[in-house]
A.B. asks: 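Take a look at the following structure, please.
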Amino acid sequence: MPDQMSLFDLPTVPAAPLLGSDPLEVLTQQLANWVELGWLRTLDRHFVHFLREHGEQDVVALLSAAWVSHQLGRGHICLDLSQALSDPDAVLSLPPQDGRALQYTDTTVMPSRLLPSFGIALLAQWLERLQASLIVAVPDADAPERLSAAAPLVLDGTRLYLRRMWQAEGGVALDLAQRMTRHDTAMPDAAQALTVLFGPPQDIGIDDQRVACALALQQRLTIISGGPGTGKTTTVTRLLALLQQQALATQGRPLHIRLVAPTGKAAARLSSSIAGAAASLACDAAVIDSIPSEASTLHRLLGARPDTRHFRHDREHPLMLDVLVVDEASMVDLDLMHALLQALPDDARLILIGDRDQLSSVEAGAVLGELCERSEGFSADVASRLVALSGQRQLMTKEVVGAPVDDPSTSPLRDHVVTLRHSYRFKADSGISALAKAVNEGSYKALRACWQAGYDDIEFHVLNEKQPLALIKRAAHEYRAYLALVSSGASPWDVLQAFNRFQVLCALRRGPTGVEGMNEAITQRLTKDGHIGGRKQWYIGRPVMVTRNDPQLGLYNGDIGIALPDPQSEGRLRVFFPAAEEGTVRAIMPGRLNDIETVFAMTVHKSQGSEFDRVLLVLPGQPNPIMTRELLYTGITRAKRFCSIATTHPVVLERTAHHRVQRASHLRARLTRCYRMQASS
Ligand SMILES: Nc1ncnc2c1ncn2[C@@H]1O[C@H](COP(=O)(O)OP(=O)(O)OP(=O)(O)O)[C@@H](O)[C@H]1O
């Protein structure tokens with residue numbers, strides 16, 4: 001990780017003297033200083049206070065606890081001590097580079113100076129201090145998934161975790177490993193049923209969709225990954241039809257299937273695409289009728305309760321279902337995946353759908369990405385079963401049948417992962433598709449070729465000013481289309497649809513090219529031109545995004561609503577959100593909405609699970625560690641028809657496409673260990 005960080009010129013802070021001779025005093029001062037500067041969260045400092053109050057006085061253990069907590073806030077499951085030792089500032093990303101101006105005081109000390117000042121120069125010294133600490137437990141030597149003692153931190157090898165996250169990671173690994181060892185036998189005429197849905201097997205190339213169905217018929221855990229329009233929903237719909245056909249024929253009753261997605265928006269999209277795909281199936285009406293057409297959010301399925309992280313459904317109160325389909329699985333964080341697996345009955349079939357190349361979840365973890373890593377090909381045994389079922393003889397070639405299943409270089413999950421590669425949405429000459437591919441390959445040459453090829457669905461703006469006036473004008477112009485509908489008194493549903501046709505996406509939150517700067521500038525521009533009354537907090541046409549789940553209101557992080565006069569309430573302003581049923585809306589009083597922000601611009605992170613006809617992707621003028629290949633790919637692939645990218649320096653795009661950051665975690669290795677133990681017991 002540190003060598004990737006060196007792609008960027010990290011801002012430097014002058015070396016300040018370490019004040020005080022008592023290390024605990026020095027630590028307290030530094031934590032206070034970092035919190036004041038916004039480098040650390042108040043929560044991180046409170047955590048350290050809590051540990052001190054409970055008896056821990058070792059400064060190294062306390063500093064490590066602050067860093068683990070800080071890293072968790074940045075999406076990392078754990079702190080890798082060997083990486084942190086080699087370049088603490090880069091690993092902790094301090095000072096933060098989210099677009100805000102560099103801030104420090106005369107007493108600010110960088111992490112890289114603090115650690116040696118507490119006597120830690122070697123990894124062995126750090127490990128020894130932590131092993132001796134009251135607040136750190138280690139896994140049992142004989143049972144690596146059990147802890148030696150109850151403590152708030154866990155040191156697993158050279159990784160330091162909050163206990164909760166270590167348990168969640170282990171819980172996900174163990175549960176998935178158990179599901180991986182459960183196999184099913186497809187019904188005798190499954191091969192024929194596949195041919196009815198997919199047509200006769202062809203000898204040219206492998207039909208990944210057909211393989212995905214054949215695989216999922218035979219096991220309890222299947223992951224279907226693919227970029228936009230590669231047919232993930234089409235494939236899952238066909239799979240559900242096959243499963244229902246099988247259940248109706250053998251048990252005389254359909255399976256209880258549930259469809260979920262992490263956000264309300266993604267759930268609505270899944271509902272409408274499954275309904276569309278089901279309607280065109282070549283199946284009996286009874287089978288089509290037994291495929292659910294309504295998806296809910298994961299939180300709703302699990303029974304989210306206000307003010308607690310616990311759900312109504314858990315190991316003691318499992319969900320009642322036979323098959324669970326989770327769409328946009330890349331957005332599911334480790335904690336949520338853990339809660340889901342806890343609540344899922346042991347014999348249920350789990351199908352995860354998503355795009356492994358997309359950004360990982362906003363919260364900690366990169367579950368889908370990790371599960372799909374090194375998962376190319378199938379073991380010989382699974383490949384031969386797939387050939388029998390799908391008729392795809394090409395599956396037995398050496399490229400497809402990789403190393404044996406116990407080979408340490410591959411993941412046992414490869415027998416559960418299918419990647420769909422062909423996009424049916426984009427034409428062969430699509431610029432968006434070519435651009436996304438070039439970014440994914442991290443190829444400078446392919447990127448440049450994209451701009452030179454003259455595609456008419458992508459454009460690249462090089463801005464020559466800091467405050468991007470041209471960009472603001474462009475965005476304001478695009479937003480006028482939905483505002484015209486607002487003025488004409490169109491229905492809230494139509495206004496919401498029109499708003500969704502265009503979106504400004506930003507890589508960063510802060511700064512003139514970040515969400516905050518762009519939102520403010522677009523609001524001002526539209527106000528100045530008389531399109532909105534943007535001087536008041538609530539005005540007709542204000543688009544807002546929910547930033548925190550509110551199960552009581554049935555609103556979820558990422559939901560978008562628009563403030564409009566409500567004829568049902570004598571024209572008073574209400575915020576209209578799409579309701580569960582396609583084409584319907586629900587109105588909520590603005591005063592009831594606590595966690596919302598204006599959304600003329602949103603971060604690429606928040607745009608996951610949404611798609612827009614046209615996207616304007618704004619990148620800052622400086623390369624930045626937050627900007628990664630996954631972020632760029634996710635931003636570009638939100639666009640269905642037109643993608644425009646703007647930045648002040650062309651090199652930013654190329655550097656970003658080259659920059660990959662792994663989130664610190666050990667999920668795949670733990671899953672492999674659990675799987676081998678399961679398989680050998
Ligand atoms: N095998 C196929 N042959 C022809 N058209 C297909 C095939 N599979 C999918 N399509 C079409 O491609 C389009 C996208 O399919 P689908 O919605 O299943 O993809 P997706 O991967 O779920 O898309 P998204 O990225 O929106 O989630 C649909 O119009 C669908 O009918």
Side-chain angles (χ1 to χ4, degrees), residues 1 4-5 68 70-80 83-84 91-93 156 159-162 164-173 175-177 221 223-227 261-263 266 298 326-341 350 352-376 411-414 416-417 419 439-440 442 507 557-558 603-609 625-635 637 656-657 659-672 674:
M1 192 189 302
Q4 287 169 332
M5 292 290 185
V68 172
H70 166 71
Q71 289 297 79
L72 185 59
R74 300 179 53 240
H76 299 280
I77 301 300
C78 54
L79 175 70
D80 185 316
Q83 287 184 346
V91 167
L92 300 169
S93 198
D156 191 344
R159 294 179 176 81
L160 189 65
Y161 292 77
L162 289 192
R164 181 169 66 79
M165 297 317 289
W166 183 83
Q167 285 172 331
E169 191 180 76
V172 169
D175 187 287
L176 291 180
L221 170 69
I223 302 170
I224 303 175
S225 169
T263 65
L298 251 168
V326 184
D327 196 14
E328 298 289 352
S330 61
M331 295 169 71
V332 181
D333 61 86
L334 184 73
D335 244 350
L336 189 56
M337 184 61 86
H338 186 221
L340 171 69
L341 295 175
L350 175 62
L352 301 175
I353 326 177
D355 184 350
R356 63 198 276 178
D357 297 317
Q358 270 196 36
L359 272 175
S360 28
S361 50
V362 176
E363 303 293 331
V367 180
L368 187 78
E370 276 202 78
L371 298 183
C372 292
E373 227 175 88
R374 296 198 206 165
S375 62
E376 304 307 320
S411 162
L413 267 156
R414 72 194 167 132
H416 299 262
V417 177
T419 304
V439 166
N440 246 344
N557 202 338
T603 58
V604 175
H605 274 96
K606 290 277 182 188
S607 73
Q608 289 180 83
I626 290 176
M627 290 174 12
T628 58
R629 177 184 301 175
E630 291 79 5
L631 180 137
L632 201 50
Y633 172 83
T634 306
T637 54
T656 304
H659 177 220
R660 305 200 73 178
V661 173
Q662 296 289 324
R663 283 187 166 180
S665 131
H666 206 39
L667 177 62
R668 203 167 49 80
R670 287 175 80 181
L671 191 146
T672 304
C674 290

A.B. asks: Quick one: do the Gln167 and Arg164 side chains pair a donor with an acceptor below 3.5 Å?
C.D. replies: no
A.B. asks: Nearest 0.5 Å, what's the CG-CD distance between Leu334 and Glu370?
C.D. replies: 8.5 Å
A.B. asks: Hey, what do you get for CD (Gln358) to CE (Met331), rounding to the nearest 0.5 Å?
C.D. replies: 8.0 Å
A.B. asks: Please say which of Ile224, Leu371, Leu221, Ile223 ends up in a side-chain contact (heavy atoms from CB on, under 4.5 Å) with Val417.
C.D. replies: Ile223
A.B. asks: Taking the side chain as everything from C-beta on, heavy atoms only, tell me whether Leu352 gets closer than 4.5 Å to Met337.
C.D. replies: yes
A.B. asks: Indicate yes or no: at least one non-hydrogen side-chain atom of Leu631 is less than 4.5 angstrom from one of Thr628.
C.D. replies: yes
A.B. asks: Give me the atom names and distance for the closest heavy-atom approach of Ala266 to Glu328.
C.D. replies: CB-CG, 3.8 Å
A.B. asks: Please list, chain by chain and in numerical order, all residues satisfying side chain to side chain donor-acceptor pair (under 3.5 Å) with His666, sequence neighbours excluded.
C.D. replies: Arg159
A.B. asks: Backbone N or O of Leu359 within a donor-acceptor pair of the Thr634 side chain at under 3.5 Å?
C.D. replies: yes
A.B. asks: Keeping the roles fixed (side chain from Thr263, backbone from Gly558), state whether a donor-acceptor pair exists under 3.5 Å.
C.D. replies: no
A.B. asks: Would you call Leu298 and Leu336 a side-chain contact if the rule is heavy atoms closer than 4.5 Å?
C.D. replies: yes
A.B. asks: Are Val172 and Arg670 packed together at the side-chain level, in the sense that at least one heavy-atom pair is separated by less than 4.5 angstrom?
C.D. replies: no
A.B. asks: Do the non-hydrogen side-chain atoms of Leu368 and Asp355 ever get within less than 4.5 Å of each other?
C.D. replies: no
A.B. asks: Does the side chain of Val367 come within less than 4.5 Å of Val332's, by heavy atoms?
C.D. replies: no
